[in-house]
Amino acid sequence: MVSKLSHLQVELLGALLESGLTKETLIKALSEVEPYVLQSESQRAINALQTEKGEPCPDIPNGMGESRLSEDETSDDGEEFTPPIMKELENLSPEEAAHQKAVVERLLQEDPWRVAKMVKSYLQQHNIPQREVVDTTGLNQSHLSQHLNKGTPMKTQKRAALYTWYVRKQREVAQQFTHAGQGILTEEPMGDDLPTKKGRRNRFKWGPASQQILFQAYERQKNPSKEEREALVEECNRAECIQRGVSPSQAQGLGSNLVTEVRVYNWFANRRKEEAFRHKLAMDTFSGPQPTSAPPLTPHNSSSLQPPSALSPSKVHGVRYNQQPASEPESSSSNHHGNSSMVTTQTILHQVSPPGLEPSQNLLSTDTKLVSAPGGTLPPVSTLTALHSLEQNPHALSQQTQNLIMASLPGVMAIGAGETSSLAPAFTNTGASTLVIGLASTQPQSVPVINSMGSSLTTLQPVQFSQQLHPSYQQPLMQQVQSHINQSPFMATMAQIQNPHALYGPKSEVAQYTHTGLLPQTMVITDTANLSALTNLTPTKQAFTSDSETHTESGMHTPVSQAPTIHLQNQDTTIQHLQPGPRLTSSPAVSSSSLVLYQSSDSANSHSQLLPSTHNVIETFISTQMASSTQ
Amino acid sequence: MQLSTEEREQLLPNLRAVGWNEVEGRDAIFKEFHFKDFNRAFGFMTRVALQAEKLDHHPEWFNVYNKVHITLSTHECGGLSERDINLASFIEQVAASLS
């Protein structure tokens, strides 16, 4: 069996097995984790293997639950009773259909809320508009949104449609990415029902990762040159790919959300306009009689952290939402200033009203919970649309999403701080139409999500606010303003300020989106597959084996008795080595670890040191003699 | 989290003895590995990579055919930490077993 594999393949397989992967897991993984690997031979091999073993394909909700690259025909008819997605089942091969059904069945049996969270985070990760789901599943958008965000119950049949879409989409996206890597740009099979709708492509949407990069660049320079823009394009696409757990070389798989130079250009242009507008508003409101009184506000604001979400819509709507009766007199007294009326708000004053409206109306209320920049908070339309789309995700709950805070607008913050009396602890109106709700991040180590791993917008950070958010839901007017709360970039700004280490978060973010550890391994497999295709393997087979043998003999002796105190970190148990050569056994001296204690026989000065550590264990370093063998 | 002076005195000599050197200008350790051919080198890298992912601590490295240059440092603290020592130990084990 080994002889059929190239050397590199053997090596890599060995590495995998050595890392704690059991044979069973590997086989299972082969059948499940395919999209990156699929080629006809391997497919056949997998199928053969499966029939041999008689294993049914396990379902991975997170999945790449596919075992075959089948030609997908889009047959989205927009039928009335059967959602179009169901019809597609007939177009697939029977195995495929059966497999997908199995996955869907399993999902249906799970807790609907958990699956909903999974689906939702997938949507966020890949920046898929809800509209797309609605089009293909025939579900009601409001119902879908409520189900995904708030857990509103959904009937089984409808959930089946949703899960079917989810499974289908995952496969399609995976295909997209793999094909993209091979230079074939596949159309999104499920992109649209009719060519007329959105011209067969979803509207481009900025992902949180990209936005963060852009904001940082904006802070450095507001007007980047073409070269800089192109560099940003690369960076953003890379970040987006990473967010989706895909290799950056597969950027084409981003499809409609691929960042291009034009889009970057437009983004910068819009930000510049926004800033100019904010500036203009600041000028206007500054001329008003309301000074921004920071000190008196601070105690108020800091004390009134809890009910943030009574967002007051702009004066234009003529509605004032005030949850504190005490503040009424104050606000009413201040109302006669035509230019600047005090609005008592409890959260962010984020005006959603069109820019043309009176900006000065969002002013600080002395008793507020939130401060609004005198600069007003009428965002330009472009951000408004972004914000509107956020409405659907106001629900801030899942642990996973909590971690996803977008980093963000340091620049904006700076501007905002300059103009407004920003309250350090809680709220700051950045002026640029975003308000940040101060977040006490509940999980400090997970807070620093720079690369957006995911939950982009909702941030869902303000779990503590979630309850307060609800009451405001009932106010239709609030909704728009509300969405600003969830503007993750801004949240992230606060988070960033609170936690400067955010910037250095390592790949923990990646882990959050790959629910199983399989994905990284998958990636490995892919790469090696490519590698083996590319490399000319040297015919050193015999040498390989014999060398390892000799080395094994000389090096290998694990005098367990000699075992100095060594603590190894890993808790994996089995190590199985595919190669005939070196055999690595887990050291019994240490609690089930997969690392081998490798000591040479004449370990004269083998001394391993153990650094006393509390929770962290340091592996001891092995003696010198071993080192010489690296040659 | 950066290694204290005592810790350094304790741990680094072991590593230095095996060929790890401290990098000039930054608080990091570096070593060059040579293997018989690319397969071994890449197998080595794969093992290290899997472990790095598990530890959530990744090396800076470079590979040309059968050579692998590895630099270890911890970004968060801007220098060496116990994670680097851990990973270096593991790397030594793997390298030894592989050649």
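No experiment lies behind these values; they were computed from the predicted model shown. Just so it is clear, the values below take in all heavy atoms, side chains as well, and ignore hydrogens, waters and symmetry mates. Proteins come first, then strands; the chains are lettered A, B, ... in the order of their sequence lines, and each starts at number 1.
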Roughly how far apart are M45(B) CE and E11(A) CD, rounded to 0.5 Å? 12.5 Å

Rounded to the nearest 0.5 Å, how far does OG1 of T46(B) lie from CG of L16(A)? 7.5 Å

Which pair of heavy atoms, one from G43(B) and one from A15(A), lies closest together, and at what distance? O-CB, 4.1 Å

Working to the nearest 0.5 Å, report the span between CG of L12(A) and CZ of R47(B). 8.5 Å

